[in-house]
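Single-structure report; data block below.
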Amino acid sequence: MKHLSLVLTLCVALIGTAFADAPKEITVASGNSSVPNSYITGGKHLGTEPDIWAVIAEKAGIKVSFVTGEFNTLFGYLDSGRADTVGNTITVNQLRMEKYSFSEPYAYIPEKLVVHEDRTDLKRLRDIDGLKCGYSSGSNGGNLFKQIAEREGIKVELVVYDSSDLLNEAFRQGKVDVMIFAGSEAAFKIKNGFLKARTVEENITVGEKAFPFRKGDEKSDELRIAVTKAIQEMKADGSLKAIYEKWFNEDYSNPPTNYVSPWQY
């Protein structure tokens with residue numbers, strides 16, 4: 001009995017040590033003007049990302065703090081160690097997969113071309129041949145425009161802006177003809193008057209949205225596992241679906257029918 005008691009005591013001590021060593025805090029780099037994903041207004045941090053992270057914090061037992069900035073600064077926070085991940089509806093792509101380890105995706109959102117509302121002639125991807133296409137620095141937009149040009153055999157003029165605000169303003173002034181947004185973001189901005197625009201009917205692709213973590217970092221790996229577990233629980237209990245329906249009246253938490261992911265997580 002004494003031996004058994006000693007074993008149980010050691011097991012409890014080891015479990016306690018394991019939990020003590022597990023990360024209890026996470027710093028998330030997030031946008032300050034990425035409506036409706038992550039933005040600051042009236043001194044409050046609002047958007048789908050703060051809502052999602054509030055539930056992750058509860059399920060994972062992790063304290064979440066944010067550092068915010070323009071999109072092109074967010075990966076700098078992650079790379080320098082000033083943040084543990086980026087929470088700004090980040091699209092998974094090949095270059096990012098080579099550099100970062102990703103959580104399980106928490107959204108599957110069609111990527112859409114956004115054009116001026118009077119350009120009813122633009123209905124397919126190939127219709128943007130010869131147009132000025134704008135994207136914000138650090139975003140996946142430039143990569144997607146290049147994919148469209150290669151796939152459709154067309155020429156586009158790419159124009160990059162330092163922030164989404166500058167890109168949107170250039171679009172309003174007619175300096176660019178086309179932008180790329182996640183379909184959910186485009187619909188929200190058009191419906192709520194942020195942009196006088198329409199989306200082209202044909203989808204570019206389905207963007208898998210996930211949280212990037214530094215590779216080869218033990219703390220990052222532990223956080224990624226904890227965040228992925230929380231995402232899985234949110235999918236199972238419907239709390240992730242509820243957040244998307246709150247903001248968009250649509251559920252983006254699961255992949256479309258017959259969708260096959262090009263990535264391995």
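Everything numeric here is computed off the predicted structure, so don't read it as measured data.
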Test side chain to side chain contact (heavy atoms under 4.5 Å, CB included) applied to Leu122 and Asp177, Asp127, Leu113, the passing residue: Asp127
Pairwise distance [atom1]([X]) to [atom2]([Y]) - rounded to 0.5 angstrom:
{"X": "Leu95", "Y": "Asn143", "atom1": "CG", "atom2": "CG", "result": "6.5 Å"}
{"X": "Glu25", "Y": "Lys219", "atom1": "CD", "atom2": "NZ", "result": "7.5 Å"}
{"X": "Glu233", "Y": "Ile56", "atom1": "CD", "atom2": "CD1", "result": "10.5 Å"}
{"X": "Asp221", "Y": "Lys215", "atom1": "CG", "atom2": "NZ", "result": "10.5 Å"}
{"X": "Ile204", "Y": "Leu144", "atom1": "CD1", "atom2": "CG", "result": "5.5 Å"}
{"X": "Asp51", "Y": "Leu46", "atom1": "CG", "atom2": "CG", "result": "8.0 Å"}

Please lay out, stage by stage, how Ser239 and Lys59 fare under the test side-chain contact (heavy atoms from CB on, under 4.5 Å). CA-CA 11 Å; Ser239 53; Lys59 291 187 178 298; 3.9 Å; yes
Identify the two heavy atoms, one from [X] and one from [Y], that lie closest to each other, and give their separation to 0.1 Å.
{"X": "Gly31", "Y": "Leu74", "value": "N-CD1, 3.8 Å"}
{"X": "Pro23", "Y": "Glu222", "value": "CD-OE1, 3.0 Å"}
{"X": "Glu208", "Y": "Pro105", "value": "OE1-CG, 3.4 Å"}
{"X": "Gly183", "Y": "Ile109", "value": "N-CG2, 3.7 Å"}
{"X": "Pro262", "Y": "Tyr259", "value": "CD-OH, 3.6 Å"}
{"X": "Arg96", "Y": "Asn93", "value": "N-OD1, 2.9 Å"}

Donor-acceptor contact present, side-chain [X] to main-chain [Y], <3.5 Å:
{"X": "Asp129", "Y": "Lys155", "value": "yes"}
{"X": "Asn192", "Y": "Phe194", "value": "no"}
{"X": "Asn88", "Y": "Ser30", "value": "no"}
{"X": "Arg126", "Y": "Ile154", "value": "no"}
{"X": "Ser38", "Y": "Gly47", "value": "no"}
{"X": "Thr228", "Y": "Glu104", "value": "yes"}
{"X": "Asn72", "Y": "Asp162", "value": "yes"}

Fellow cluster residues of Leu166, listed by chain then number, with links counted only when side-chain atoms sit under 4.5 Å apart: Val114, Val159, Tyr161, Leu167, Phe171, Val176, Met179, Phe181, Leu195
Treating Ile, Leu, Val, Met, Phe, Trp and Tyr as nodes and any side-chain heavy-atom pair under 4.5 angstrom as an edge, say whether [X] and [Y] lie in one connected cluster.
{"X": "Phe248", "Y": "Ile90", "answer": "no"}
{"X": "Val227", "Y": "Ile225", "answer": "no"}
{"X": "Tyr106", "Y": "Ile243", "answer": "yes"}
{"X": "Ile190", "Y": "Phe188", "answer": "no"}
{"X": "Leu158", "Y": "Val178", "answer": "yes"}

Verify whether the ring centers belonging to Phe211 and Trp53 lie closer than 6.0 Å. yes
Begin with the C-alpha distance, continue with both residues' side-chain angles, and end with the deciding distance and a verdict on side chain to side chain donor-acceptor pair (under 3.5 Å) for Asp165 and Ser163. CA-CA 5 Å; Asp165 279 346; Ser163 70; 5.3 Å; no
Is any side-chain heavy atom of [X] closer than 4.5 Å to a side-chain heavy atom of [Y]?
{"X": "Val156", "Y": "Lys146", "value": "no"}
{"X": "Tyr77", "Y": "Thr68", "value": "no"}
{"X": "Lys191", "Y": "Asn249", "value": "yes"}
{"X": "Ile62", "Y": "Leu223", "value": "yes"}
{"X": "Leu125", "Y": "Arg151", "value": "yes"}
{"X": "Phe75", "Y": "Pro212", "value": "yes"}
{"X": "Val160", "Y": "Tyr135", "value": "yes"}
{"X": "Lys112", "Y": "Asn203", "value": "yes"}

Determine, stepwise, if the pair Trp263 / Gln94 fulfils side-chain contact (heavy atoms from CB on, under 4.5 Å). CA-CA 8 Å; Trp263 316 113; Gln94 184 62 45; 3.4 Å; yes
Does a side chain donor of either Glu185 or Thr89 reach within less than 3.5 Å of an acceptor in the other side chain? no
Exercise: do Tyr100 and Asp79 side chains pair donor with acceptor under 3.5 Å: yes
A quick test of your reading: do over 12 heavy atoms of other residues, nucleotides or ligands sit less than 6.0 Å from [atom1] of [X]?
{"X": "Gln173", "atom1": "CD", "result": "yes"}
{"X": "Lys189", "atom1": "NZ", "result": "yes"}
{"X": "Glu58", "atom1": "CD", "result": "no"}
{"X": "Glu218", "atom1": "CD", "result": "no"}
{"X": "Lys235", "atom1": "NZ", "result": "yes"}

Assess whether a salt bridge exists between Lys209 and Glu111, defined as any Lys/Arg side-chain N lying under 4.0 Å from an Asp/Glu carboxylate O. yes
Ion pair check, Arg172 and Glu169, cut-off under 4.0 Å: yes
Go through the steps for Arg124 and Val200 under the test side-chain contact (heavy atoms from CB on, under 4.5 Å), then give the verdict. CA-CA 6 Å; Arg124 299 170 299 175; Val200 171; 5.6 Å; no
Would you check, one step at a time, whether the test side-chain contact (heavy atoms from CB on, under 4.5 Å) holds for Ile180 with Phe145? CA-CA 8 Å; Ile180 288 180; Phe145 275 128; 3.5 Å; yes
